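First the structure, in the form of structure tokens, and then the observations on it.
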Amino acid sequence: MSAVEPLATTDGNRSGTTGRIVVRVVFGLLSAYVLWQSIGNLVTVVQNVHAFNAFVTGNGGATLARSVPWTWLVVDVLVAPVAYVVAWFVTRRTTLARMVGVFFVAFAAAGVVWLDLQLYVPSLLNL
């Protein structure tokens, strides 16, 4: 009888480990998507600011040139990876249900900050 009990715990452990891996992969892919969009926003904003500055400088309006909001663009890029890493470390020793909850809250919070910055950065430039 005692030989059967460790086998049952091992099977339960495997399904728990599989579930944890699935949660990490799913939320990792979601965070990677947000990171990809943030990098795309950074590249687009920098190109647009440089093009605008070249245009106004070439037409005698050098005082209208804008600076690139690097601080906000870098924060925008770092939000998703930092939220994912924090969720990973917080859920190292929790149950699967709590892990899903923490990753969901971390992704939602990162999404809110990311979307706010996506809307805030262009308003800084008024292009």
Side-chain angles (χ1 to χ4, degrees):
M1 279 276 185
S2 62
V4 174
E5 290 174 6
L7 182 61
T9 13
T10 305
D11 290 342
N13 228 357
R14 284 186 185 159
S15 66
T17 303
T18 304
R20 296 174 74 80
I21 290 171
V22 167
V23 169
R24 287 181 178 149
V25 167
V26 167
F27 282 101
L29 290 173
L30 291 171
S31 296
Y33 173 75
V34 172
L35 176 64
W36 181 260
Q37 293 297 319
S38 298
I39 292 170
N41 185 45
L42 181 137
V43 170
T44 303
V45 167
V46 170
Q47 286 176 349
N48 288 343
V49 168
H50 287 313
F52 177 78
N53 288 343
F55 174 76
V56 296
T57 303
N59 290 311
T63 59
L64 297 174
R66 307 273 188 219
S67 62
V68 177
W70 287 109
T71 303
W72 299 115
L73 291 172
V74 170
V75 168
D76 191 27
V77 169
L78 292 178
V79 165
V82 168
Y84 182 80
V85 168
V86 168
W88 183 294
F89 282 114
V90 167
T91 61
R92 286 181 296 169
R93 300 188 198 309
T94 61
T95 63
L96 183 60
R98 286 186 185 171
M99 182 181 192
V100 170
V102 169
F103 269 97
F104 182 77
V105 169
F107 179 71
V112 166
V113 172
W114 168 72
L115 187 56
D116 283 344
L117 288 172
Q118 292 283 320
L119 299 173
Y120 177 65
V121 168
S123 72
L124 287 174
L125 301 172
N126 293 326
L127 297 178

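These numbers come from a predicted model, not from an experiment.
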Nearest atoms (heavy-atom pairs only) where Leu124 meets Pro69 = CD1-CB, 4.0 Å
remark   = Tightest non-hydrogen contact, residues Ala80 and Val34, listed as CB-CG1, 3.7 Å
Check: Tyr120 main-chain N/O paired with Ser123 side-chain donor or acceptor under 3.5 Å = yes
Do [X] and [Y] sit in one hydrophobic cluster, given that two such residues count as connected whenever their side-chain heavy atoms are within less than 4.5 Å of each other, even indirectly?
X: Val86; Y: Phe27; result: no
X: Val79; Y: Val105; result: no
X: Val102; Y: Val113; result: no

query = Quick one: hydrophobic cluster around Trp36, which other residues, with the 4.5 Å side-chain cut-off, linked directly or via members?
reply = none
remark   = Under a side-chain separation threshold of 4.5 Å, the hydrophobic residues clustered together with Val112 are none
Output every pair passing side chain to side chain donor-acceptor pair (under 3.5 Å) with a member in [range], not counting sequence neighbours, ordered by first then second residue.
range: residues 26-35; result: none
range: residues 103-115; result: Ser38-Trp114
range: residues 77-96; result: none

query = Side-chain contact, heavy-atom cut-off 4.5 Å: Val56 with Phe52?
reply = yes
message = Would you say that Leu30 contacts Phe103 through its side chain, given a criterion of any heavy-atom pair below 4.5 Å between the two side chains?
response = no
Which side-chain N or O atoms in residues 70-78 pair as donor and acceptor under 3.5 Å with protein atoms at least two apart or in another chain?
unit_1 : atom_1 : unit_2 : atom_2 : d
Asp76  : OD2    : Asn41  : ND2    : 3.3
Asp76  : OD2    : Gln118 : NE2    : 2.9

remark   = dist Met99:CE -> Phe104:CZ (nearest 0.5 Å) comes out at 15.5 Å
ask   = Taking atom CG of Asn48 and atom NE2 of His50, what is their separation to the nearest 0.5 Å?
value = 10.5 Å
